[in-house]
Amino acid sequence: YSSMAEYRVDDRTPWVLDAHNVEFRISARLVTTATGPVAPLYRMYGRRETHYTRLEEVRQWSRADHVVAVSDTDREAMTELVPDLQATVVPNCVDTNRFVPSPRRHEERLGAVFVGKMDYRPNLDAMVWFVDGVLPLVRSVVPDFQLTIVGRDPASRVQALGRAPGVHVVGRVDDTLPYLHEAALEVVPLRAGSGSRLKVLEALASGTPVVTTELGVEGLAVEPGRHVVVAEGPVELANAIVDLLADPSRRARLADAGRQLVEERYAWPDAVRRLAEVHERVVAEHPSHRG
């Protein structure tokens with residue numbers, strides 16, 4: 001991470017920085033989601049955090065011998081600020097041997113699942129926004145619809161969501177795969193974030209259709225309508241969920257296309273090879289090696 005790059009101790013050793021996210025973009029996006037009485041204070045804090053995080057990231061990207069980004073989107077954001085940056089895209093991937101479609105995939109299901117670390121601000125914002133604004137619209141049409149929130153360290157605001165009708169907060173689990181298999185779809189209503197979403201790749205690999213915002217699949221080579229369903233705003237998201245629940249054949253097509261995409265683009269062997277090539281090239285080109 002950029003925050004760990006301060007521990008670089010010398011220039012004799014080649015250093016590669018793994019830019020898992022472009023962190024300042026997360027802060028900048030969260031500023032736009034602030035609501036309520038504390039919103040002005042949070043926006044002031046968020047703008048300050050964005051400014052100093054951007055300065056720190058740019059400094060560390062510039063010092064690294066090479067930077068690994070997880071998506072073309074992130075790489076473009078970096079090179080806009082550091083034009084001569086040496087950077088390679090190595091995407092986040094998923095274990096396609098572990099995350100597999102359910103043998104009972106054609107069973108009727110009404111529920112949705114959200115998977116993520118639940119004290120992480122973009123995930124927290126997504127779930128509060130979804131439960132407050134989207135879920136009631138879905139349940140007005142599909143009264144039995146259930147949302148299961150899976151992920152460790154649920155913040156108090158997430159735990160409070162469990163009191164809303166149709167919401168189950170599970171917390172930490174040993175394995176997310178059974179929850180993906182039990183759900184008719186995964187919702188990824190993110191309004192802030194960076195990098196790429198492992199939750200989306202795991203759902204696609206598991207044959208679970210995904211309904212998401214555009215930001216939820218930022219940096220992933222998905223085609224809306226073919227691999228995932230993309231919608232913005234509470235009404236549009238609710239309609240997308242209701243329509244998908246009513247169309248099992250479409251869910252099956254999305255599941256098949258999503259699984260195929262992950263097998264072709266997001267399985268680990270290719271990413272491991274590309275990462276190894278980056279490390280070998282950086283070592284070979286470093287002055288200490290040439291010397």
Side-chain angles (χ1 to χ4, degrees), residues 1-27 52-100 115-117 120 122 152 176 193-206 215-222 227 258-291:
Y1 282 115
S2 299
S3 57
M4 293 296 291
E6 278 298 317
Y7 295 95
R8 175 175 177 164
V9 293
D10 61 62
D11 293 323
R12 300 186 302 276
T13 303
W15 284 75
V16 176
L17 189 151
D18 185 357
H20 171 96
N21 289 315
V22 178
E23 297 289 342
F24 81 82
R25 298 180 80 195
I26 299 176
S27 298
Y52 285 108
T53 303
R54 183 192 293 114
L55 290 178
E56 175 68 8
E57 287 191 291
V58 167
R59 187 167 74 90
Q60 301 301 356
W61 297 338
S62 302
R63 293 180 65 211
D65 294 296
H66 206 90
V67 175
V68 174
V70 299
S71 71
D72 291 324
T73 303
D74 279 10
R75 185 182 184 278
E76 290 166 6
M78 295 175 194
T79 54
E80 184 177 339
L81 295 170
V82 185
D84 60 348
L85 184 71
Q86 298 297 309
T88 299
V89 174
V90 179
N92 285 325
C93 292
V94 64
D95 184 348
T96 53
N97 294 316
R98 176 179 167 227
F99 288 93
V100 295
V115 178
K117 190 174 184 295
Y120 180 53
R152 64 188 175 95
T176 60
S194 181
S196 64
R197 280 18 116 201
L198 283 167
K199 58 173 66 68
V200 172
L201 296 178
E202 290 174 354
L204 295 179
S206 305
L215 183 60
V217 288
E218 180 185 61
L220 296 177
V222 297
H227 304 113
R259 173 70 191 188
Q260 182 178 354
L261 175 70
V262 169
E263 290 177 347
E264 293 174 354
R265 298 287 298 269
Y266 296 105
W268 277 119
D270 183 58
V272 170
R273 176 186 57 78
R274 292 167 67 177
L275 190 60
E277 289 173 354
V278 168
H279 291 168
E280 291 164 2
R281 185 169 70 250
V282 170
V283 170
E285 294 174 354
H286 196 266
S288 64
H289 179 83
R290 292 200 300 268

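The shown structure was predicted, so the numbers you read here are calculated from the model rather than taken from an experiment.
Classification of Arg273 and Asp270 as a salt-bridged pair holds, one side-chain N sitting under 4.0 Å from a carboxylate O. A salt bridge is defined here as a Lys NZ or Arg NE, NH1 or NH2 lying under 4.0 Å from an Asp or Glu carboxylate O, and Arg274 with Glu277 fails to meet this definition. The pair Arg54-Glu23 does not count as a salt bridge, with every side-chain nitrogen at least 4.0 angstrom from each carboxylate oxygen. For the pair Asp65 and Arg8, the salt-bridge criterion is met [side-chain N within less than 4.0 Å of a carboxylate O]. Of the charged side-chain nitrogens involved, at least one lies within less than 4.0 Å of a carboxylate oxygen, so that Arg25 and Glu218 count as a salt-bridged pair.
Atom OG1 in Thr96 sits 12.5 Å away from atom CG in Leu204 (nearest 0.5 Å). Within the model, atoms CH2 of Trp15 and CG of Asp10 stand 7.5 Å from one another, a figure rounded to the nearest 0.5 Å. To the nearest 0.5 Å, atom CD of residue Gln86 and atom NE2 of residue His66 are 6.5 Å apart.
Across Phe24 and Trp61, no two heavy atoms sit closer than the pair CE2-CH2, 4.2 Å. Heavy atoms only, all atoms of each residue included: Met78 and Ala19 are closest at CE-CB, 3.1 Å. The minimum heavy-atom distance between Pro122 and Ile26, with the atom names listed, is CG-CG2, 3.7 Å.
The side-chain heavy atoms of Trp268 and Asn97, taken from C-beta on, include no pair separated by under 4.5 Å.
Here Ala276 pairs with Glu280 under the side-chain contact (heavy atoms from CB on, under 4.5 Å) rule; sequence neighbours left out.
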